[in-house]
Structures are given as structure tokens and as C-alpha cells.
Amino acid sequence: MTEQAKAAAAAKTIDPNKVLQRVIMPRDEDPLDVRPLYLDEPENVHSHVSSRRAVTVPRSAKVSFASYFNAFPASYWKRWTVVEDVVLRMSVRGSGRIDVYRSKPSGDIIHLEGTMIRSPKAWTEVSLKINLAPFEDGGWIWFDVFTDDSTLEIDEAAWTTEQDLPEQKLAIGMTTMRPVDAVIALRALGEDPTVLNVVQKVFVADQGAVKVRATEGFAEAAKLLGDKLEVIEQDNLGGSGGFTRGLYEAIEHTDVAQIMLMDDDIRLEPDAVLRSNAFARAAAQPVIVGSHMLNLQARARLHSMGEVVDLATCYWREAPGAVTDHDFGAESLRETEELHARINSTYNGWWMCLFPREVVERTGYPLPLFIKWDDAEYSLRALERGFPTVSLPGSAVWHMPWTDKNDATDWQAYFHTRNRLIMAALHSPYDVRKTLMKQGMKLSLRHLLSMEYSTVAIQQKAVEDFLAGPSRLFDSLRTALPEIRELRKRYTDAQVLPSAREFPAPTFDMVRAEQMLTPPTNPVTIATEAGKALVHNLRAPQPSTVDRPQINVPAANARWFLLGNLDSATVSNADGSGVAFRKRDPKEFRELGKRAARNYRRLASEWPRMQKIYRDALPELTSVEAWRKVFEN
């Protein structure tokens, strides 16, 4: 038996059910810029990564495992689980020193203990135990490696527990409209035997025109997953219909203790599955276990650490104390004090989120919302039943950040508006009538001044559909999107062309446009600029601007105080893939403005009645019987 085989055999003596978090390295297909998420190395040090579980620290070096994926988020385990001590176990060979550190909620660092390693030829086992008592409010645990005249190899390192935890399998529910991305995620799931060992079933709700089964690479992914994989082809019922299908199949047709939902358009860190599974098994009470979002376009950036719903304003936002868009390539975990305090979330996006079976059985299924707010509403409903949501550090996937999407102004604006109103009616304990009316009118005016008539039109349809009550929600899973797309065809601002080169060159004074980009900063100047833009939008546009844009506006500059003073412009979309030709229309401006004012007055007057209607309908809207009818059809 080789030395490597002996080390592997020794590592198997650790009960897999007692592993809380494996120490891992990047996968071969990962780009180099993910490395700071796994190792904190000085610029002149480059450790040799020989596998996902093995790394060699070079001579005369200091390498820290105080990294996002390899430090242990002790405060979350202390607060939410029954684990009292964590044991760092690893197989090592060579010479050097291993030191364990912890942080306080403030980010201050404390040395705990360490050990010298002098085993140049034989593999030896290291075991260091740390108590979790002082971690209630924050803090991580990690280890650093120091070498002198020899290298130090580390293999099969893990943060473990000596306590007995229940063995629990999970089912994964994935909904897809992007089969290429789905196949990549499925292959990542199937490549790690340890991950596969905790996964009992993978349900893919295939809702796209191009089917997963017909996609290159599917056969390979299916072979890896074997009979664990089940692809279910159904109509496009949106995220809520696809994710609910995963919950439904897992609850109705398996005995799994956990169900994990995940997006298709992610790049998966497979160990996130194991970490969420272990956290849920160790939880002192059933909790929803959410994963963080890393930026798919800038892999070392943490985009979303935790979110809450502000029930007074009825908007989602980052959780108090949460760090957003943090670049670990520029500032390590050890250097970022803000990352060490524990934060509390009230929901987690369903790019990756795990639900204990009991939570689903007692909370019900998601609302039939198609997309938007289904994840937030579900966690709020679960919390009302005593099941909190924990966004777990070290469990994450890479996903396209929402800052690079047009979803606040394109067809998704309908679902943002309608579903937010439904969430507020169901869960806000405040009288939000004035807030909703003020926000709605302000938002409508901003879109109208920006010549986004299609956005205002579908937002007003959303308000009207909300006021019509919940009786058509299930039908709207199939009908809402086609209706919205048909409505948007009437407006030029919804018609996207590949580039501004499709139009004649703009005529507007670029220097003046630059001056107009300075945002008003106080109530007086904001009111003055809004008044000027309002008067401008009530006048007839110059005839020459109908076919020739005055200016080409980048997405970042598409602000009301610029566009509100123009007659036409091409405006890029958020990801830079196309432009829309926006044209000012005083008649449309007036009609949509009157419609918005009428709808928001009605919303305010009818709010108490609508709250009661939606709350009374909630049990039926989230019942297995209602969803079974949808899937059977």
C-alpha cells in the first residue's frame, strides 16, 4: 500500500456523519481567480494543489486557511446547532507548524493552540479540539501552516464533531430553462462520491423549449447520477412552479429528511451540499439553510451574504451587518472585520436553499407566483410557524448578480409588483397604505420620465391583477407571461435591437448631456428638476427625434433627470447585449400617469379588504391538493 493510500485509509476512520466541513481546494475546471476563496497566500507563495483534498505548502512559507471556504463559521454553529466542540482532523506529512486561531465578533484574532509536525516520510494524524462556547455573537476558526526547510503536505483535512448526529439524506429540486447550465450543475453533483452519498434523488423540472435530455453532456451527467436522476418535463410554470415540483416530488414520492432547491444557472461548489446537509442535521431546531451567492462574473467576490425583508417598506434588502460585493482577492477574511460578526437573515434566495422535511410539511408549498418574491414569502411564512432561515457562510454557489439584470424594468417588473403586494398583504404587520401609494406613484413617475412606458403599463396591470384577488393565481402560472409579452410589444422601449448602430448617429450636445448627468441631491433641487422634466414631457416632441435618437445612453446613465429632458434616446440594457429606442409620447405619459394615480388610490382604499382576502385564501393557494391539480394538468 502506498503512503497516499495509507493516508486515505486513515481518513476513512472518520465517521462521515461527523464531518461538519471538509477542507477543500479549487476544482480543476475553476479559474485561477477563485483561489483566494480557498487559500490565503502571500504574493510570493504558491502552494501546490494536487487534488480537491490535498495541498502542499512550500518551504519557508506561511499559508493561512483563513479563507471563505476553509475557515469554520463557528458562531453560526454555536447559535443554531447542538454542536459544542469542533475537532480539526487532518493527515499530514513533512515538517512545519500548524496553529489554530479564532476571531471575535469585532474581527480581533486570538491564537488558540498549535503543534509542530516532524514527519518527513510517514503520514501522521493531527487532531485539535476547540470549544464553541465563546462564539454566540460572531467569530470564525481557522488554521495557519508555517514551514522552514521542508514542505508540509496536508490531505483529507476536515472540521468534525465527536457528537452523534442523525444520518439524513436529501433530495435536490432544480428547475431549468437553460439546459446547458443545468447539465453543468448535474455533472458537478455527480462527480463527487461523498456528495452523491447524501443525495437520494435529483428532480429536474425541465420547463424549456430545448430539453435537458437533448443537450450535449446530459448522457455523461445522467450516467454519473444513475437512478438518482429524474427529469420531469412540464409547462413553463416559472421558478415557483419548477421549485414547487421539486418539493412536491420529494415530499410525495421519497422519504428524505431534507429537500434542497437550486437554480440551473449556477456554478456549483459541491461541498456546499454537504455543508448545508450537515448543518441541518446538527440544528437544535428545524431551520431553513440558505447558501450565499458568489459573483459568477468575478469569482472571488461575495455578492450576497444574507438578506431580510423590510416589512415597513415591503422591500428586500441586505441583512443588518451583512457585507455585500466583497472581493476576497483584494481583502482576505482575516483582514475584513465586518465579516466576523454573525448576521441574521429572514430569507435566502433559492439559487441554493435547503428545507427540512418538517418545515415543508408544516408550512405548505410556495405560492403560485411564477417568479419573484416566492422565496422571501416562503421564509416569512415559515418564520411565522417557528422556522427561521440561516444563511450559512462557507456554503455558496456562483450566480449571475442581479445588478446585471434588467428585471426591474423588463417583463419581470410585472411579477416584482404583483407579488410584492401579495407578500405585503400576507405578512406586513404595519399599515403600509401610504407607503405603497407614495412608492408606487414615485416609481411610476420615474419610469414615465425615463420613457419606460412598457414598464409602467405592466406594473399597472400587476396592481389591477392584485386587486382582482387570488382566484386566478394558479391560472396565471401559464397565462401571465404570454399576456405581458404581448402587452410589451406595443411599446418601442421594450423592443431590443443588437446595437445603437441600427439607428442614425445621435444629434444631442454631448457636453450638455454630461452636465445633465449630475444627480439632484436635496429635496429642493429634486423637486425643481422633476418639475422641469414634467413640463418637458407634456410638450410635443421635436419631429426630427422620432426616427433619429438624440443620444446613445449607457445603462448606467439611464437616469430620469437625463432622459426626462430628452425627446428620444437609445438606452443599453444592463448586460450590454442590446439597446432599446425610447421615444417620448405625451399622450402615453398622461394616460399612464392617470391610470397609476387611479390604481394607487384604489389600492390604498381597498387594502384592508385585500389583506383579508389573500390571508383567507393562503391555505388553499399553498396546499398539496391545489398544486397536484397543476402538475396533473
Side-chain angles (χ1 to χ4, degrees), residues 173-177 203-209 232-253 259 261 347 350 355 359-382 384-385 407 411-427 458-487 603 606 609-633:
M174 178 189 296
T175 181
T176 183
M177 291 283 291
F203 297 105
V204 178
D206 188 351
Q207 304 186 134
I232 303 162
E233 296 181 359
Q234 64 181 32
D235 293 343
N236 180 15
L237 305 177
S240 64
F243 286 132
T244 304
R245 189 62 185 262
L247 293 172
Y248 173 86
E249 295 294 334
I251 295 292
E252 297 296 311
H253 300 131
I259 306 102
L261 302 180
Y347 83 98
W350 287 355
F355 303 84
V359 171
V360 180
E361 291 177 335
R362 292 181 56 187
T363 304
Y365 287 149
L367 284 170
L369 300 182
F370 195 79
I371 60 168
K372 304 302 176 186
W373 286 98
D374 46 348
D375 47 11
E377 187 283 327
Y378 194 88
S379 279
L380 291 173
R381 185 162 23 115
E384 291 168 359
R385 288 154 178 77
D407 62 359
W411 59 269
Q412 297 171 88
Y414 169 87
F415 297 102
H416 271 297
T417 303
R418 186 198 66 176
N419 299 348
R420 172 176 170 253
L421 293 174
I422 293 172
M423 181 283 303
L426 289 171
H427 299 295
I458 64 175
Q459 285 174 336
Q460 294 316 303
K461 174 176 169 54
V463 176
E464 292 157 3
D465 287 352
F466 168 79
L467 290 168
S471 60
R472 293 192 65 249
L473 273 181
F474 275 110
D475 290 340
S476 74
L477 285 172
R478 290 184 169 89
T479 62
L481 182 56
E483 290 174 2
I484 295 161
R485 284 180 168 162
E486 194 64 31
L487 176 58
L603 180 69
E606 297 187 26
R609 183 177 69 88
M610 299 312 302
Q611 280 186 301
K612 185 177 188 308
I613 288 173
Y614 277 93
R615 291 178 183 185
D616 288 347
L618 184 61
E620 170 63 18
L621 293 172
T622 60
S623 69
V624 62
E625 294 80 10
W627 277 104
R628 182 179 288 117
K629 292 177 184 177
V630 173
F631 298 139
E632 287 178 351
N633 289 336

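When reading the values below, keep in mind they use all heavy atoms of this one structure, side chains included, and skip hydrogens, waters and symmetry mates.
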Give, for atom [atom1] of [X] and atom [atom2] of [Y], the distance between the pair rounded to the nearest 0.5 Å.
X      : Y      : atom1 : atom2 : answer
Trp411 : His416 : CH2   : NE2   : 9.5 Å
Asn633 : Phe474 : CG    : CZ    : 11.5 Å
Thr479 : Arg472 : OG1   : CZ    : 5.0 Å
Gln611 : Ile613 : CD    : CD1   : 11.0 Å
Asp616 : Leu621 : CG    : CG    : 10.5 Å
Thr622 : Glu377 : OG1   : CD    : 8.0 Å

Okay, side chain of [X], backbone of [Y]: is any donor-acceptor separation there less than 3.5 Å?
X      : Y      : result
Tyr414 : Ala480 : no
Gln207 : Gly238 : yes
Arg381 : Tyr365 : yes

List for me each residue that meets salt bridge (charged side-chain N to carboxylate O under 4.0 Å, His left out) alongside [X], sequence neighbours excluded, and say none if there are none.
X      : value
Arg385 : none
Glu483 : Lys461
Glu464 : Arg595
Arg420 : none

Go through the structure and list residues passing side chain to side chain donor-acceptor pair (under 3.5 Å) with [X], not counting sequence neighbours.
X      : answer
Arg485 : none
Ser476 : Arg418
Thr417 : none
Arg478 : Asp235

Residues two or more places apart in sequence or in another chain: which of them pass side-chain contact (heavy atoms from CB on, under 4.5 Å) with [X]?
X      : value
Asn419 : Leu369, Lys372, Trp373, Phe415, Ile422
Asp475 : none
Ala205 : Thr175, Gln234, Arg245
Glu625 : Ser623, Arg628

Which heavy atom in [X] sits nearest to a heavy atom in [Y], and how many Å separate them?
X      : Y      : answer
Leu367 : Ser240 : O-CB, 3.5 Å
Tyr614 : Pro470 : CE2-CB, 3.5 Å
Ile259 : Gly246 : CG2-O, 4.3 Å

Would you mind reporting whether [Y] and [X] have side-chain heavy atoms less than 4.5 Å apart?
X      : Y      : value
Phe370 : Leu237 : no
Met610 : Leu421 : no
Pro366 : Leu247 : yes
Thr244 : Phe631 : yes
Asp206 : Ile232 : no

Q: Kindly indicate, with the supporting measurements, whether the criterion salt bridge (Lys or Arg N to Asp or Glu O under 4.0 Å) is fulfilled by Glu632 and Lys629.
A: CA-CA 5 Å; Glu632 287 178 351; Lys629 292 177 184 177; over 6 Å; no

Q.
Tell me if the centroids of the rings in Trp627 and Tyr248 come within less than 6.0 Å of each other.
A.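 That pair fails the under 6.0 Å test.
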
Q | Ring center gap for Phe355 and Tyr378 short of 6.0 angstrom | A | yes

